[in-house]
Amino acid sequence: MRFLLPVLAASVLAGTMLPSRDARADAAANVAGGPITSHDGATLYRQLCQGCHMANAKGAVGAATIPALAGNPKLASGGYPVYVILNGYGAMPWFSGTLDDAQIAALVNYVRTNFGNHYTDGVKPEDVAAVRTPTPEMEK
Amino acid sequence: MSDLPNVPQTRRQLLMRIGAAAGSVAMYQAMTRLGHAAGTDFRGPPALTGTRKGSTVLVLGAGLAGMLAAYELRKAGYTVRILEYQNRSGGRNFTLRGGDTLAELGGAVQHVQFARGNYINPGPWRIPYHHQAILHYCKQFGVALEPFIEVNHNSLLHSSTTFGGVPQRYRDYMSDFTGYTAELLGKAIRQDKLDQPIGPDEKRDLLAAMHGWGLLDKNGNYVSSVSASFRRGFDKPLGGGPDGAPIPSKPLPRSDIMKSGLWEWLSFNMNYEMQTTMFQPVGGMDMIGKGFAKQVGDLVTHNVKVTKIHQDAGGVTVSFEDMGKNNAVSEAKADWCVCTIPLSVLSQIDIQVNPAMKAAIGAVPYASSVKVGLEFKRRFWEQDEQIYGGISFTDQPISQISYPSTGYFSDGRSVLLGGYMFGNAAYAFAGMTPEERVQAALDQGSKLHKQYRDEFLNGVGVAWSRMPWTLGCCGTWNEESRRTHYKALTEIDNRIVLAGEHASYVGCWQEGALLSSLSAITRLHQRAIGAA
Ligand SMILES: Cc1cc2nc3c(=O)[nH]c(=O)nc-3n(C[C@H](O)[C@H](O)[C@H](O)COP(=O)(O)OP(=O)(O)OC[C@H]3O[C@@H](n4cnc5c(N)ncnc54)[C@H](O)[C@@H]3O)c2cc1C
């Protein structure tokens, strides 16, 4: 966003040196914490997902619902969570700019084989690459 | 001084020159551009006249957007009712004080233990001077404002990996970054090593600027000097009497200055929306929500969860669950509806609007943010370190520490903002228990202030993705979604119009909530009286 982050120069000059970050009005730049480097599904779930879907993946209900991933029949197809994680929808953020193909595959495989889910057909990084579209450009 | 370029002209001189050269239209345009007539897009409160007798409006959500809509529409002659999910008005505009409890999704409940008078603003906390709509209504509703300190040259900038992890004074970093940059540029200019030829006049002007801006010595070097120390401070400060002479300070190593990337925070504070003067309400940000609620509180039904929004040629029907009555379902009807429910929630509600608006409602993911408030036994940042307000920045997940912009020099307990984060850091903190958030903020903050552990009393950690009524901080637009969806989101669909920060270009500011509300009700009124 034009009025937000001080990052135009950074992205031009530093290229990949600085992690990509979300831009928003009342936000200080988002370098803090650094990029996500783990390729372990459980770690990624804890770092990125449980803040919303909860540690037990049971989700929660308020004015709207954060769906449970535990025992969620929509996870029967591995392609569905891959798509959701890449693109987001509603209050669910997109992670295409944050996670690489292997990280998303590890995450999906973790979620689909834990929390009472027993789907054995693993997702491979190539499956993620096949459906990845360019990360949306944040407003400057 | 004679070899210095022209002293920059005053703005008035410049304007006179433009005016003389190009006539008064150019003069006006130049004036606006220079900021005399500019602010946000606020043109004063709306003048809504000719309302049809008996017209009714349902407003969904009692945040600032909803309450402003209700205030102006009632004034214009509409009968208004507001439906609000929470047991209080204000929405994201709220403040936590001692005795408050905060429940989050997942079940954790925090009991705030701050001393009387201490508070933290978990959401909005500062208002730029050019946000003229919010400032206008603060004045109108009697909300007292005081300065919010954004930039404090004595605050800290911290990089875990440079300067041996030792935090540096903002002032020192700023001086040295500027000085070294000017030195390098000056050398390139003098040696004609710019990849673009510049004329002799410009060369002289640029060199003069590098010297004055960077505080370079006569050889064009940035070195320890009295003049540089008048920017970055002295090693031995100026004093009185025989030993009063100061000792200049020494610049930090250039490679660390550049490698640290800390210039990013200088740049952040140069942002239009972070520039001085900024304001905060005296006593907590929720003074604004309370000021609005004083005007329209009698119109609000609290504790009701809107679940369905339907419309037909005759009017709008809104279904809601009454949470005080075992979620009993009721209906409310009106001629018109202003819906300010955040899109994160609205995207899950059965709302009868055209497919383009429906698609837009689902296309705006919400950012996550976490704030941590920490109460300490005393204002050690003031007493030990002379930090009065402002923000220290760090590359650790907590990102920043903000010191209270009020109550300076007071004894006793005080609360600071011990972390304010977005993105990956916010996701990680949201996934912790509230106690873990506070502990993590203490661990990381200790790297900036060694007093943290000894002086700590209690804390609160607020994760916006776990707020039951917004599931996030604010809407995040990107270029593609703005192009595809913004128009459809903001246009009236028959009897329903959306408002809120998400329906503005001033996203994630209260100003955006108000501007979108004023735009929505002005257009809705035109339609209601048959003029549009
Ligand atoms: C961390 C953070 C920092 C910020 N910093 C600043 C800042 O420094 N300065 C600034 O000006 N702005 C800041 N903002 C932005 C500002 O808070 C918002 O832009 C503004 O408060 C939004 O107002 P609104 O009326 O659009 O929405 P809200 O205030 O969210 O109002 C929407 C209302 O709808 C209600 N609701 C939700 N679901 C339902 C339902 N199903 N039925 C009935 N009611 C429902 C909610 O309870 C809420 O009261 C910040 C926001 C956050 C989160």
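These numbers were taken from a predicted model, which means no experiment stands behind them. The sequence lines fix the lettering, A, B, ..., with proteins before strands; numbering per chain opens at 1.
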Item checked: Heavy-atom pair of closest approach, residues Gly51(A) and Ser465(B) -> O-OG, 3.7 Å
Next item on the list: Mind listing the closest non-hydrogen atom pair of Lys305(B) and Val61(A) along with its distance?
Entry: NZ-CG1, 4.0 Å
Identify which part of [X] has an atom lying under 4.5 Å from any heavy atom of chain A, answering side chain, backbone, both or neither.
X	value
Leu105(B)	both
Ser347(B)	side chain
Val364(B)	backbone

Checklist line | CG-OH distance between Leu44(A) and Tyr427(B), expressed to the nearest 0.5 angstrom | finding: 13.5 Å
Notebook entry, point to check: Once you round to the nearest 0.5 Å, how far does CH2 of Trp94(A) lie from OG1 of Thr476(B)?
Noted result: 4.5 Å
Check: Of all of Tyr85(B), Trp469(B), Tyr366(B), which one pairs up most often with chain A through heavy atoms under 4.5 Å apart?
Finding: Tyr85(B)
Next item on the list: Report the option among Pro365(B), Ala430(B), Ser481(B) that has the most heavy-atom pairs separated by less than 4.5 Å from atoms of chain A.
Entry: Pro365(B)
Next item on the list: Kindly indicate whether the side chain of Arg466(B), heavy atoms from C-beta on, has any atom under 4.5 Å from the side chain of Ile66(A).
Entry: no
Notebook entry, point to check: So which of Ala64(A), Gly59(A), Ala63(A), Gly88(A) has the largest heavy-atom pair count under 4.5 angstrom toward chain B?
Noted result: Ala63(A)
Notebook entry, point to check: Taking every heavy-atom pair that is under 4.5 Å apart, which of Gln47(A), His53(A), Lys58(A), Met92(A) has the most such pairs with chain B?
Noted result: Gln47(A)
Item checked: Interchain contact, Tyr45(A) with chain B, by part (heavy-atom threshold 4.5 Å) -> neither
Next item on the list: Mind checking side chain to side chain donor-acceptor pair (under 3.5 Å) for Thr181(B) and listing every partner two or more places apart, or none if nothing turns up?
Entry: none
Margin query: Strictly less than 4.5 Å between heavy atoms, which residues of residues 108-125 of chain A line up against chain B? Please order them by number.
Written below: none
